[in-house]
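Every chain is numbered from 1 and lettered A, B, ... according to where its sequence line falls, protein lines coming before strand lines. Treat the numbers as computed from the prediction; the structure is a model and nothing was measured.
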Amino acid sequence: MAQTTHGIGGLAYDPTKRTRPPELNVLAALILIILAFEVLGRMFIGDSFLFNTRENIDTLFNEQRLQIIILQVSIVGIIALGVTQVIITGGIDLSSGSVVGATAMIAMSFAQTAIVNGNPNPKAIFGEGMMDLPVIVPVLVGLGCGLFAGLVNGLLIAYTRIPPFIATLGMMVAARGCAKWWSKGNPISFPTESYAAIGKGMMPVLIFITLAVVFHLIMTQTRYGKHSYAIGSNEQAARMSGINVARHKVLVYAIAGMLAALAAIVLSSKNLTAQAGMGVMYELDAIAMAVIGGVSLQGGRGSIIGTVLGALIFGVIISGFTFLKLDAYYQEMVKGVIIVAAVVLDTWRQNQRGRG
Amino acid sequence: MAQTTHGIGGLAYDPTKRTRPPELNVLAALILIILAFEVLGRMFIGDSFLFNTRENIDTLFNEQRLQIIILQVSIVGIIALGVTQVIITGGIDLSSGSVVGATAMIAMSFAQTAIVNGNPNPKAIFGEGMMDLPVIVPVLVGLGCGLFAGLVNGLLIAYTRIPPFIATLGMMVAARGCAKWWSKGNPISFPTESYAAIGKGMMPVLIFITLAVVFHLIMTQTRYGKHSYAIGSNEQAARMSGINVARHKVLVYAIAGMLAALAAIVLSSKNLTAQAGMGVMYELDAIAMAVIGGVSLQGGRGSIIGTVLGALIFGVIISGFTFLKLDAYYQEMVKGVIIVAAVVLDTWRQNQRGRG
Amino acid sequence: DGIGVSMALFDDNFLTVLRNGIQAQADAQGLSVQIEDAQNDVAKQLDQINNFIASGVSAIIVNPVDTSATQAMTDAAAAAGVPLVYVNRQPINVDSLPDNQAFVASNESESSSQGFTEQCNQWAAAGKTEVSVYVLQGELSNQAAVQRTQNYYDVIEAGKCAVKVNIIDQQTANWSRDQATSLMTNWLSAGTPFDGVLANNDEMALGAIQAMKAAGIDMNAVIVSGVDATQDALASMQAGELDITVFQNAAAQGGGALDAAVKLAAGEAVDQKVYVPFELVTPANMADYLAKN
Amino acid sequence: MSEIILETRGLTKHYGGVHALTEADFTLRRGEHVAIMGDNGAGKSTFVRQITGVEKPTRGQIIFDGVEHTFESPIEAREAGIETVFQTLALADDLDVPSNLFLGREKVRFRLGPFSILDKRAMREATMAALVKTGVKIPNLSNTIRNMSGGQRQCVAIARTAAFKSKLVIMDEPTAALGVQETAQVENIIRTLKEAGEPLILISHNMRQVFDLVDRIVVFRRGRIVANLRKEETDGQDVVAYITGAKTGAEYEGAP
Amino acid sequence: MSEIILETRGLTKHYGGVHALTEADFTLRRGEHVAIMGDNGAGKSTFVRQITGVEKPTRGQIIFDGVEHTFESPIEAREAGIETVFQTLALADDLDVPSNLFLGREKVRFRLGPFSILDKRAMREATMAALVKTGVKIPNLSNTIRNMSGGQRQCVAIARTAAFKSKLVIMDEPTAALGVQETAQVENIIRTLKEAGEPLILISHNMRQVFDLVDRIVVFRRGRIVANLRKEETDGQDVVAYITGAKTGAEYEGAP
Ligand SMILES: Nc1ncnc2c1ncn2[C@@H]1O[C@H](COP(=O)(O)OP(=O)(O)OP(=O)(O)O)[C@@H](O)[C@H]1O
Ligand SMILES: Nc1ncnc2c1ncn2[C@@H]1O[C@H](COP(=O)(O)OP(=O)(O)OP(=O)(O)O)[C@@H](O)[C@H]1O
Ligand SMILES: [Mg+2]
Ligand SMILES: [Mg+2]
């Protein structure tokens, strides 16, 4: 019956010329940017971006730099995994940065240690009985906060049909308010050792990569993924084909909220402190990572792999600037240009194929 | 030939039951919020929100409050007029807040006065010859900056086809960098009297309202407006029907850029200073005003009137909180809730009709 | 009735202490204060002042977002006849304030210079004549950041530093501990030897310390200075990591501002300028400051 | 089990001032194939949207399989056993053909609630089988629906309906975009349904097709039902007379 | 002025690995009405998209009105004088009927470049006149296209094409969603074009319609032109044989 494994006849079809996955373009952009820094480094400061040039260490690559490139984007990266799913369903989540702030404050106040350098903890939020709790308590409390915020977002969007932009903008404002209110603007510090271990060293990277793999599989292999793409592609059609769109959206925003909360836990643990201003603008960075990675804001298109690559592009840019000792005043201008250029490259190469 | 002025036959049609314009819902939300503040004020602090209760002044309304309600949103309102047009074409402009920052810095440095309180201007950016220039110079320079930013946005979006979110995010980062770089983070102050007059007293309101009327007419009565809605509604269809989509988009973003620049001029004039952090988050407020006013982020739907009403809702909320002496810690939380509630109300009433 | 307060920013450690100082003083006197968050937006601050005026407050306290934007605020309050007190940051129009306005502030140009001068002395005491340092700046659009960085250069130029200082690189970490950690790690990945870190605030100093500890750098070999003397910073100092910070008496400024506002509202005369000095904090005197913030 | 699978009483839908559907009384017996005909804009698709839960009627009752239903969403209608090919097709543009065919009822290898793991291969094979029945040719099944021709899309939507068991099938102009061969194939599918005793509502403008396939013809005009004709007792010209308003069914006097 | 209004030479379009159009050589003489027929997915709409500038061909030449063109966008094609009813209709869903009819060439009262002031009343009246010709009924012209039935939309798209003068009209399955009356009206419009000497390319799956209206039939199969038949020299069964691949035109040997 079917002539090929690719379809059921009709036109001539040349399977070797299948359209290349868009992630390849993002990867190309990433490599191009790395190469640019390598070349610029050798030209202007006589040093290598990627390779080790120090005599006292003998590794091929500059491992510290490779580590920091990914470490510095892991936390926003965790948020971006959730944001990617939200955007694929055709939504947007502006609240993630503020949820990070609120969650960090609340979780950290359950993770405080009683004695600091022999003195009582000067930043104690709760009384004696609530100090030195097992690490599971702040983690669950934190995830609970994220879940709550995500559920509120999701329920609003799914059942009142207000635009996700507004629902999550409202949550953004409210959660930031909550972060400031929680301890009246005072930072919360001095966590227990076990809490501090969550974000120590390369743990954030490990968490980020593990979650990326898990969500990659979920988005490509499960019904959840399929329905997310379907809803983002044509919500009305998804509804008419019998997908429970409302319930699915609630789930997607809840997951995004929990991922933001997890990012907050890792962030506050890594920094050994929580402050009301934590996570400001993370939402935009997370969205930008996703979009640079090829996730379409119209919904229906994109992938977790793309987002991870988008995050790496961010990491490389930040490290590259410091490496080149670029004047801080110029950094932002150049960063803006690179973000745009990365996406232009991607779009342009996709169009090239379309015309081919 | 045609049986009625409403159509050409077919089903029974009852013109008295035409669907109500969505702006009416926004207006209802606005009035509801005002009433809420009036009632709460009388209940909890024994004062009136709208009416004058001070003995030493005899006006019916608390005119100072009415003025500040609209004054405090006029500047973001001016930006929102441009953002509304951008969103109607199906785009988004995240750069407006940063363009405000950059333009304020640049325009202000051409608007400085040479002598301050008998001493030479301590914040002088340029030399002697560039002080006390006629007011038209900083205004044109400022509008030029906005035009430039808008053109770059528009050209990128129209001709490289990258998502507006990314193009304007890049511009957002770059323009903020430019604002910081311009005077290396130092504020620029002491404008000439004529420059200071632009934002004095109720001038910002006057400018906002005039522009709102102009753009309302443009959006409803001209080809520009029609094409904006068409592009936002179905870009592919607009292109296939022979609209020069690329050229139109450039125009729309250029206008949005100039409006942001104008807002910057008014803002720096009103505050008698320019600093690199000016306009942070204005883009989100402007977008929120538009969306609260019924502009659809999918494009194709919304109006300038709606945006003006959305801006007023913002103004009323801000003033109402101070009036109620609401603790600042709660203000943001409540503001988030009100933003969402306003849109829920709007959406809900529209659905009611749909089911009618 | 009541006193309106507009703070530049709520989620800032230092300003939170100052705000608490105002609140504490008001509670002590049984006054109602309404504190607003200008969220670092000059325009929002001016609007808040106008909203206070519309609500008929008896006096206003402003912690200016931008000290060069104060003329417009002074004008607005003066036109409505409401007394106004600036706190913590010296308004640009300080010499031409109307009679019912005053300010209580510290001199930012003293802030980081005290710490830096001490840092120079410690290097000299360690036998160094030339040092290499990294500079962590606060938000570039923020005057305090610009001023605190400028102070380093001023000290060097005025010859007040006992050693020769080479600045390897100077970047912004936007006041944030997390960004400072990443930035410092990026610097460390270049492997350039250095003798110290100058941070515009304690948070960034702590971030840099975390990065150095993670990279296994001996904290006795580098001298790190911050500004603010926060509790976290003092704990780090106790642990032998942070070497120098500078204390600014926020609570005293807040209380002083409230007093001035109350007096002005009652029509009494007050000192129009009150300076609260910065105080140097090192391991030697840090015990005095453990309970102050 | 009653004789009647679907009945509507006084079904009415107004959009703002537009009276798209007025007092529709309609019955369908088990195993019966009925055609709905009528001018463009006569309210045929509106009628379908009301009985499949896509929209909420302004008023009126829907009795399906003996029970009165108020479907809140198309899922509920589908779960009750109504399969529909909508005029707008309701396909997800960014997904490929197998994903669209199984949208909302994917084949899975492990049940894990929403995280059930898809059996992609089985879906792909079942898709080919279902599509071959419609006679359509699609060179690459992994292409997205966005890149399909008008007729290919329509065949995907039809295959989706035909691939699952149901109590009632509704097709809104299913062959409008189809070629000669594909139309013949789809008509065969409909005949197979008839043989299997599955009831069908077919909306079509094609007189030949209607007379070939159905038992009864219901005519809509200006939002109202104006005729209910057994195939044997009518002919093309007669039906056109009802459509254009030259005639009105005896029991529907007073309709416009 | 040459005899031939449109000619394509070796027109080819690949989408990734899909060879949607292969080496199409096509000619159309002035005043001639030609039908394109073929299976679903045979490449008919692809052919239309290439000659109207919607897409850029992989290779091949397009000679229109004696000049070789590479249309970069549909605007250029329209400005050259090609009016098209696309299969996807290309309507703006959120605009009302008059706005869609005049999209891109609004009637204005004052010329002010992009800020020209619209003459809404004139557009409304002209819209009514144009729509009446198609026989469609639309109760409220200010309703948006989103709220129109399938046939109503199609009539708006046809009215748009018919309302303006052009050198060549292309219609891609224009009557697919139309009712009996509306189809007859649109066929009248096409006859009027014939009388006025305007050339036309009509894509249709409706054999009766094609034989009623056109002079010549071109058959596409698997992306290639496989037959070019004068109406008088062929009949329905013959055409079907070409469509299904049972026959291939003598001059097109080697086609699949
Ligand atoms: N959401 C809506 N809002 C307003 N009017 C609507 C809406 N949906 C449909 N209509 C109107 O209702 C009428 C009936 O539309 P419907 O789609 O049911 O027609 P139809 O009989 O299916 O026509 P066709 O044969 O063209 O598909 C049309 O006049 C249409 O304009
Ligand atoms: N953008 C695209 N990307 C990939 N394949 C495409 C694209 N557009 C069309 N195709 C494929 O090209 C083939 C021809 O499509 P086309 O729309 O020209 O068919 P058609 O002859 O108009 O069919 P119909 O009668 O169903 O309208 C189809 O197999 C379709 O899947
Ligand atoms: Mg229909
Ligand atoms: Mg086609």
Side-chain angles (χ1 to χ4, degrees), chain D residues 15-20 37-46 86-89 134-140 142-143 146-156 172-173 175-185 203-208 220-223 236-237 239-240 243-245, chain E residues 15-20 37-46 86-89 134-140 142-143 146-155 172-173 175-185 203-208 210 220-223 236-237 239-240 243-245:
Chain D
Y15 299 104
V18 177
H19 297 195
M37 300 194 77
D39 256 0
N40 291 125
K44 306 180 294 298
S45 300
T46 303
F86 291 101
Q87 192 171 13
T88 55
L89 303 183
T134 69
V136 76
K137 286 151 205 83
I138 298 180
N140 178 8
S142 338
N143 239 333
R146 187 185 298 290
N147 296 334
M148 297 282 148
S149 82
Q152 288 169 336
R153 290 162 188 241
Q154 198 152 27
C155 282
V156 173
D172 195 348
E173 308 196 20
T175 61
L178 297 194
V180 183
Q181 289 183 80
E182 291 83 355
T183 302
Q185 293 277 11
I203 299 183
S204 173
H205 292 299
N206 185 331
M207 205 61 80
R208 184 217 29 90
F220 275 58
R221 191 168 74 238
R222 301 176 131 222
Q237 258 179 314
V239 173
V240 169
I243 293 176
T244 56
Chain E
Y15 299 105
V18 177
H19 297 195
M37 298 193 81
D39 257 0
N40 291 125
K44 307 180 294 296
S45 301
T46 303
F86 291 100
Q87 192 172 11
T88 55
L89 304 183
T134 69
V136 74
K137 285 152 205 81
I138 298 180
N140 179 9
S142 339
N143 239 331
R146 186 185 302 287
N147 296 335
M148 298 283 147
S149 83
Q152 289 169 337
R153 289 163 188 241
Q154 198 153 30
C155 284
D172 195 349
E173 308 195 22
T175 62
L178 297 194
V180 184
Q181 289 183 80
E182 291 83 354
T183 303
Q185 293 277 9
I203 298 182
S204 174
H205 293 298
N206 185 331
M207 206 61 81
R208 188 224 16 98
V210 166
F220 275 58
R221 190 169 76 239
R222 303 176 129 222
Q237 259 179 310
V239 172
V240 169
I243 293 176
T244 56

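Under the rule for a side chain to side chain donor-acceptor pair (under 3.5 Å), D:Thr134 has no partner lying at least two apart in sequence or in another chain. By the ring-ring contact (aromatic ring centres under 6.0 Å, His included) test, E:Phe220 is found to be paired with E:Phe47, residues two or more places apart in sequence or in another chain being considered.
For a residue to count as touching a neighbouring chain, one of its non-hydrogen atoms must lie under 4.5 Å from one of that chain's; by this rule D:Ser45 does not touch chain E. When heavy atoms are compared at a cutoff of 4.5 Å, D:Gln87 approaches chain E solely by way of its side chain, counted from C-beta outward. Contact annotation for D:Asn143: only side-chain heavy atoms (C-beta onward) come within less than 4.5 Å of a heavy atom of chain E. Interface remark: D:Met207 contributes side-chain atoms only to the contact with chain E (heavy atom separation under 4.5 Å). Contact annotation for E:Gln152: both backbone and side-chain heavy atoms come within less than 4.5 Å of a heavy atom of chain D.
Ranking E:Val240, E:Thr244, E:Thr46 against chain D, the residue ahead of the rest is E:Thr244, based on heavy-atom pairs under 4.5 Å. Most heavy-atom pairs under 4.5 Å with chain E, from the set D:His19, D:Gln181, D:Glu173, D:His205: that is D:His205. Residue with the most contacts toward chain E among D:Ala176, D:Gly135, D:Ala42, D:Gly43: D:Ala176 (heavy-atom pairs, distance under 4.5 Å). Top candidate by heavy-atom pairs under 4.5 Å with chain E, chosen from D:Gly150, D:Gly179, D:Ser204, is D:Gly179. Of the listed residues D:Asp172, D:Val18, D:Leu178, the one with more heavy-atom pairs under 4.5 angstrom with chain E than any other is D:Leu178.
Here the shortest heavy-atom pairing between E:Gly41 and D:Ser149 reads N-OG, 3.4 Å.
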Walk me through whether E:Asp39 and D:Lys137 qualify under side chain to side chain contact (heavy atoms under 4.5 Å, CB included). CA-CA 8 Å; E:Asp39 257 0; D:Lys137 286 151 205 83; 3.1 Å; yes
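The CG atom of E:Asn40 lies 12.0 Å from the CZ atom of D:Arg153; values are rounded to the nearest 0.5 Å.
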